Amino acid sequence: MPELPEVETIVRGLARRIVGDTITSVWIGSRPQPLRSLASEIVRTLEGTRIQGIRRAGKHIVFELAINNTAKATHSNAKVKLPRKRKQDALAPLESSANAFAHWVVHLGMTGRLVVCEPEAEIAKHTHLIATLASGRELRFIDPRMFGKLSVHAAAFDPGGVEPLDVDEETFVNLFHGRKTPIKSALLNQKLVRGVGNIYADESLFRAGIRPRRRASTITRAQLAKLYESVREVLREAIALGGSSISDYVDADGEEGFFQLQHRVYGREGEKCLVCKTPIRRVVLSGRSSHYCPNCQK
DNA sequence: ATACCGACCTGTCAGC
DNA sequence: TGCTGACAGGTCGGTA
């Protein structure tokens with residue numbers, strides 16, 4: 001579901017609402033699919049920490065948690081608990097340092113949502129984690145398809161790839177040098193550029209006038225420079241509009257984004273190109289729908 | 001290395 | 001109304 005602009009919108013919403021709050025207890029559901037760390041480890045890491053910051057790394061949401069001994073919950077309503085001995089052993093290295101931080105990383109997959117709500121709010125189907133906050137509110141992770149991922153890390157989290165909005169043109173252009181893969185596949189490769197997904201790849205390629213199937217190695221430097229600008233322009237515009245809402249995607253405040261109104265090719269198969277009136281074509285490229293104008297894109 | 005495919009899951013919607 | 005199949009914003013692992 002969410003690509004970079006949606007995740008950025010969600011992160012800003014969350015940061016505004018819960019930075020500075022403390023996680024007092026954590027409940028985790030019985031479905032293990034979204035968990036990339038042990039449930040017990042997630043509970044143990046989150047409980048008692050203060051949310052120092054929330055940032056985005058590609059499509060990942062990273063919670064920076066300050067470990068605060070005095071606020072450590074004396075008990076929790078978590079379903080999963082570790083034996084006392086192991087719990088103490090595992091905590092020792094983190095608590096021994098003066099400024100201990102942990103990182104909670106959330107990837108929303110296709111249908112994941114993070115919502116902040118009052119505890120009496122109805123618990124949605126497919127709720128996999130509930131973090132109770134010292135302010136009295138709850139942070140909940142909901143994900144019907146369970147493609148989302150939750151993990152905790154003691155060290156700084158680095159998903160690889162470059163941030164398209166931070167990288168310079170030279171570095172961006174060089175990422176594609178000599179690659180025979182279709183340019184769209186390269187754009188979707190999170191180890192190269194992080195944060196670009198199916199919608200924004202199609203929209204960026206349209207603005208740059210490049211067909212999704214073009215081999216990256218056959219694209220001129222000038223065209224790649226154009227693509228660099230297109231990717232950044234599309235992402236910035238989408239962030240400014242709060243992301244693309246298709247079906248049920250909403251940000252942390254429950255507000256919809258509006259970038260879907262700006263889509264020029266995505267989801268417009270058969271409709272006229274806004275530039276030249278040629279019908280937009282849809283093809284399947286490595287299993288993903290790809291939309292382009294056969295006249296404007298070469 | 002790279003490309004293609006199915007798998008992972010549930011929900012929705014169009015068509016019959 | 002209800003069934004079936006296609007499709008969905010993301011990744012991962014296997015295979016050729």
Side-chain angles (χ1 to χ4, degrees), chain A residues 1-11 29-36 56-61 105-114 124-128 141-151 157-161 164 175-206 211-218 231 234-235 237-239 241-252 256-270 282-291:
Chain A
M1 162 166 82
E3 304 182 32
L4 188 153
E6 291 76 37
V7 177
E8 180 66 29
T9 302
I10 290 162
V11 162
S30 55
R31 308 299 295 270
Q33 286 92 337
L35 308 183
R36 287 300 184 278
R56 180 187 60 72
K59 298 172 191 169
H60 299 267
I61 299 167
V105 179
V106 178
H107 192 296
L108 298 173
M110 295 273 258
T111 52
R113 282 186 295 146
L114 280 170
K125 198 176 173 184
H126 308 300
T127 298
H128 304 295
F141 174 69
I142 304 156
D143 185 12
R145 279 177 82 179
M146 297 188 284
F147 288 175
K149 287 176 288 199
L150 304 178
S151 59
F157 173 76
D158 178 15
L175 290 175
F176 305 100
H177 184 75
R179 291 188 184 269
K180 293 176 189 162
T181 192
I183 184 64
K184 182 171 173 187
S185 301
L187 274 179
L188 292 177
N189 182 345
Q190 302 296 301
K191 294 298 173 200
L192 297 178
V193 182
R194 64 199 203 194
V196 177
N198 208 32
I199 293 178
Y200 298 106
D202 280 4
E203 294 297 320
S204 301
L205 288 167
F206 173 75
R211 291 199 185 191
R213 275 196 208 280
R214 272 280 295 283
R215 306 271 155 188
S217 57
T218 70
V231 167
V234 164
L235 295 176
E237 287 178 21
I239 290 170
L241 291 174
S244 298
S245 294
I246 301 177
S247 72
D248 64 348
Y249 157 72
V250 288
D251 73 9
E256 295 188 6
F258 294 99
F259 189 74
Q260 69 277 12
L261 302 174
Q262 308 292 317
H263 292 174
R264 298 182 192 174
V265 287
Y266 186 85
R268 298 192 65 243
E269 180 185 13
R282 181 178 84 98
V283 295
V284 175
L285 202 171
S286 55
R288 315 299 305 280
S289 279
S290 300
H291 312 74

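Quick caveat, the model's predicted, so the values are computed rather than measured. Residue numbers begin at 1 in each chain, while the letters A, B, ... track the order of the sequences.
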Measure all distances between protein nitrogen or oxygen atoms and nitrogen or oxygen atoms of nucleotides 12-16 of chain C, and list the pairs falling under 3.5 Å.
residue: C:dC12; atom: OP1; partner: A:Lys149; partner atom: NZ; Å: 3.3

Yes or no on side-chain contact (heavy atoms from CB on, under 4.5 Å) for A:Thr181 and A:Phe176, after CA distance, side-chain angles and deciding distance? CA-CA 9 Å; A:Thr181 192; A:Phe176 305 100; over 6 Å; no

Taking only the side-chain nitrogens and oxygens of [X], find out if one of them lies under 4.0 Å from OP1 or OP2 of [N].
X        : N      : answer
A:His107 : C:dG10 : no
A:Gln190 : C:dG10 : no
A:Arg145 : C:dG9  : no
A:Tyr200 : C:dG9  : no

Per side chain to side chain donor-acceptor pair (under 3.5 Å), A:Tyr200 is matched among A:Glu6, A:His263, A:Glu3 by A:Glu6

Span of DNA chain B engaged by chain A, first through last nucleotide within the 4.0 Å heavy-atom cut-off, is B:dT2 to B:dG11

Pair A:Asp202 + A:Arg282: basic N to acidic O under 4.0 Å: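 Salt bridge flag = no for A:Arg282 with A:Asp202.
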
Protein and nucleotides 5-7 of chain C: nitrogen or oxygen contacts under 3.5 angstrom:
residue: C:dC7; atom: OP1; partner: A:Arg282; partner atom: NH2; Å: 3.3

Among residues at least two apart in sequence or on other chains, which ones pass salt bridge (charged side-chain N to carboxylate O under 4.0 Å, His left out) with A:Arg211?
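Here no residue qualifies.
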
A:Arg214 meets the side-chain hydrogen bond (donor to acceptor under 3.5 Å, both in side chains) criterion, sequence neighbours left out, with A:Thr218, A:Gln223

* Please measure how far the P atom in B:dC9 lies from the corresponding atom in C:dG14, and state the result in whole Å. => 16 Å

d(A:Ile183 CD1, A:Arg213 CZ) to nearest 0.5 Å is 14.0 Å

Checklist entry - Can a donor-acceptor pair be found between the side chains of A:Ser290 and A:Lys184 at a distance below 3.5 Å? => result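 Yes - a donor-acceptor pair under 3.5 Å links their side chains.
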
Taking Watson-Crick and G-U wobble contacts under 3.5 angstrom, with | marking pairs to another strand and [ ] crossing pairs, the secondary structure of DNA chain C is written .|||||||.|||||||

